[in-house]
There are 2 protein chains.
Amino acid sequence: MTRKSGVASRSTIRDVAARAGVSASTVSRVLGGVYPVSAATRGSVMRAVRELDYVADARAKAIAGAGTPTLAFVLEDITGPSFAHMAHGVEREATRLGHLCLVCSTEGDVHNELEFVEMMRSQRAAAVILVGGTADTPAYRERTHRMADSLASVGSRLVLCGRPPLDPGAPVTVIEYDNEGGAHTLVAHVLAQGHRRVLFLGGRADHTTALGRERGYLAAHRARGLTPDPSLVLHGDFTRDAGHRLMHQALADGLEFSAVVAATDMVAAGALTALHEAGLKVPDDVSLAGYDDIPFARDLHPALTTVHVPYEELGRLAVRTALEHTPGAPDEHLLLGTHVVVRDSVGPGAVTA
Amino acid sequence: MTRKSGVASRSTIRDVAARAGVSASTVSRVLGGVYPVSAATRGSVMRAVRELDYVADARAKAIAGAGTPTLAFVLEDITGPSFAHMAHGVEREATRLGHLCLVCSTEGDVHNELEFVEMMRSQRAAAVILVGGTADTPAYRERTHRMADSLASVGSRLVLCGRPPLDPGAPVTVIEYDNEGGAHTLVAHVLAQGHRRVLFLGGRADHTTALGRERGYLAAHRARGLTPDPSLVLHGDFTRDAGHRLMHQALADGLEFSAVVAATDMVAAGALTALHEAGLKVPDDVSLAGYDDIPFARDLHPALTTVHVPYEELGRLAVRTALEHTPGAPDEHLLLGTHVVVRDSVGPGAVTA
DNA sequence: TCCGTCGTGGGAACCGGTTGCTACGGCGTT
DNA sequence: AACGCCGTAGCAACCGGTTCCCACGACGGA
């Protein structure tokens with residue numbers, strides 16, 4: 001079996017041209033495909049290409065106007081199952097549409113985010129997709145508006161995906177999913193089972209995703225004429241460890257409740273084992289619900305009642321919408337629905353509370 | 001609050017130069033940072049840069065020799081928890097080392113893989129990391145060897161991560177983790193509990209990761225002087241659905257066994273619910289173990305005994321090793337160890353079988 | 001006072017492609 | 001037989017940067 005020489009030659013289009021005995025433009029045209037070239041010429045060019053194992057430098061093509069467009073995806077941590085599903089949707093749709101896909105995880109650091117976005121601006125990425133909730137402060141809006149503007153100024157487009165929208169006027173595409181509505185429906189379901197003291201295991205207190213779900217929790221109570229005990233909402237973050245720790249603490253503190261709604265399936269998972277460790281049965285002793293419907297939810301024991309979020313679709317939609325956007329057209333703002341998936345982890349609660 | 005004009009201007013270095021009243025080379029030098037430039041000149045250039053909101057085109061820089069290097073990460077599906085952790089490690093280390101990180105999921109299609117690698121070659125990616133087991137056929141070796149050569153010819157480097165190594169001579173960096181050893185230790189642990197008929201819920205029959213674990217399963221038996229019943233190894237794939245379906249089927253078929261070892265925690269999760277659905281208690285009626293130690297493993301009930309694989313470290317190591325490789329230096333081949341994590345899902349089995 | 005040197009900035013070539021415009025040769029018409 | 005057209009290939013400009021090499025002015029030392 002013969003191989004090409006192992007030399008890192010990095011041959012250029014002119015090398016190919018020389019070898020084929022034609023000019024560089026001809027090689028470019030043969031490779032480009034559309035321009036009329038005689039069969040003989042095409043043949044010798046293709047042979048030279050093969051012999052040299054030549055590929056055109058994509059950066060050079062890009063700068064000259066041809067070249068593969070790119071799109072960037074920025075999230076806090078790709079390790080979370082819901083983020084991973086969004087990432088998958090983004091990546092699939094991007095390659096379907098012939099785009100390359102750059103990724104960056106910020107670890108929640110604003111500085112990283114800024115830096116990466118600037119880099120994407122210099123890469124002339126077709127779109128930059130920012131994913132996941134965050135604190136919705138004036139500083140956030142100001143900073144993000146500025147990012148949107150500066151991306152727009154190089155022909156790129158900012159997409160906010162499950163992240164707080166900006167003031168109107170910012171050149172931005174927003175794709176959200178209904179945190180409040182989903183949580184409302186879910187908690188209504190729990191309340192309908194007769195539970196009256198339901199613990200809410202939330203995310204960080206200022207995180208919009210967590211906050212939306214918390215609002216739904218509150219709204220569901222009010223809709224039933226109930227006023228929830230403020231001491232029943234606990235804040236942490238979105239990991240299973242936080243869920244475990246919070247649940248453990250709540251139990252140790254002697255908090256009274258007959259059901260717990262977690263801001264996330266991950267949190268619910270941690271909470272569930274804390275419950276088990278305390279010798280409590282779910283749903284007999286206490287009911288439990290999550291949010292996200294990650295694949296694992298149905299393998300918890302009992303299978304977790306949760307609300308389904310179409311994460312992969314969200315990712316697909318984000319890239320499609322962004323890429324279809326024509327400059328000057330109105331800014332899109334989509335809101336995707338969710339639905340609750342009833343499984344086995346919430347049971348009836350004593351209506352007398 | 002005033003904003004820059006919304007016009008997509010895409011200003012060039014010459015625009016900046018004109019505005020600052022200097023030449024393009026000077027702009028390049030002040031932005032470059034090292035070349036001596038007078039404070040006054042630097043000032044006016046910086047002001048022009050700010051006013052125009054200029055960023056140098058990264059592609060142009062790249063072609064001129066400066067520019068941010070890039071590295072690519074190719075996997076089958078980023079949705080799997082272990083892959084996601086590797087991706088995280090890769091991404092972290094890449095950005096730590098100042099590299100951009102491109103991602104592509106192949107959906108298991110060889111054609112996608114080939115196409116993407118060719119694209120990375122044209123991008124002049126510093127390294128291309130191929131992740132995850134696959135069928136180790138002559139075609140695979142031939143094809144992958146060719147990829148390695150053609151990447152090397154443009155100064156890039158192929159990394160095989162948890163993927164079968166090639167014949168010596170291929171310019172490739174290999175990072176593996178010990179599937180056989182981990183499975184051996186795990187199964188030995190199960191056998192030591194007295195189990196004699198242990199079901200192996202494997203991945204695809206030709207998949208190297210699955211195969212390695214299966215070999216460990218076999219070896220552990222032989223090391224104890226046992227010859228496992230071939231009908232006890234079942235093949236599927238690495239999803240929780242496969243685990244669920246296989247387990248369900250095994251039960252329906254009346255297969256006899258007192259323990260099951262799954263090729264993956266995901267598979268174990270599916271198997272666990274199938275066991276529960278059949279009214280079987282784990283570990284009282286049947287023991288269960290997994291592989292990978294994904295975060296969720298400890299939230300299954302009972303908490304899953306499994307083998308820990310340092311996925312994130314694997315990813316980090318892949319990029320570090322690849323990037324440190326100097327052309328001509330010998331090819332690296334690393335093998336990472338694993339260790340079993342004993343939790344609650346395997347209990348004693350009747351020694352009389 | 002004159003000269004050498006250092007500090008700065010500009011011109012132009014180059015990185016590796018694409019593409020508009022032009023030139024050339026062969027063919028079919030009239 | 002002459003004219004013109006069409007198909008094909010090359011030249012050169014351009015994309016947006018970087019950097020080598022050189023020139024110019026000011027300053028200090030002899």
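Chain A is the first sequence line, chain B the second, and so forth, proteins listed ahead of strands; every chain is numbered from 1.
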_Among C/dT19, D/dG10, D/dG16, the one nearest B/Ile63 by side-chain distance_ = D/dG16
_Rounded distance [0.5 Å steps], CG in B/Leu71 versus CD in B/Glu91_ = 10.0 Å
*Considering only side-chain heavy atoms of B/Ala64, which listed nucleotide, D/dA9, C/dG17, D/dT18, is closest?*
D/dT18
*Between A/Gly65 and B/Gly65, just flag the one whose closest nucleotide in DNA chain C comes earlier from the 5' side.*
B/Gly65
*asked:* Taking 4.0 Å as the cut-off, does a side-chain nitrogen or oxygen of B/Thr12 come that near to OP1 or OP2 on D/dC15?
replied: no
*Grab the CZ-P distance between B/Arg42 and C/dG7 for me, whole Å please.*
15 Å
*May I have the distance from A/Arg14 (atom CZ) to C/dC15 (atom P), rounded to whole angstrom?*
8 Å
*Take atom OH of B/Tyr35 and atom C1' of C/dG9, then tell me their distance rounded to the nearest Å.*
7 Å
_Distance, rounded to the nearest Å, where B/Arg59 contributes CZ and C/dG17 contributes P_ = 15 Å
*Considering only side-chain heavy atoms of A/Val37, which listed nucleotide, D/dT19, D/dA9, C/dG10, is closest?*
D/dA9
*Rounded interatomic separation in angstrom, taking CD1 from A/Ile13 and P from C/dG17*: 6 Å
_Under-4.0 Å side-chain N/O to phosphate OP1/OP2 contact, B/Thr41 with C/dG9_ = yes
*Measure from CZ on B/Arg29 to C1' on D/dG16 and round the result to the nearest Å.*
16 Å
*asked:* Return whichever of B/Ala60 or A/Ser25 has its heavy-atom-nearest nucleotide of DNA chain D closer to the 5' end.
replied: A/Ser25
*Specify the separation, in whole Å, of atom CG of B/Asp57 and atom C1' of C/dG17.*
14 Å
*Is any side-chain nitrogen or oxygen of B/Lys61 closer than 4.0 Å to OP1 or OP2 of D/dG16?*
no
_Distance in angstrom units between B/Arg124 CZ and C/dG16 C1', rounded_ = 9 Å
*asked:* For A/Phe83 versus A/Asp77, what's the shortest heavy-atom pair and its separation?
replied: CD1-O, 3.1 Å
*A/Thr106 side, atom OG1; A/His111 side, atom NE2 - distance, nearest 0.5 Å*: 12.5 Å
*Check whether any side-chain N or O of A/Thr26 sits under 4.0 Å from OP1 or OP2 of D/dA9, and answer yes or no.*
no
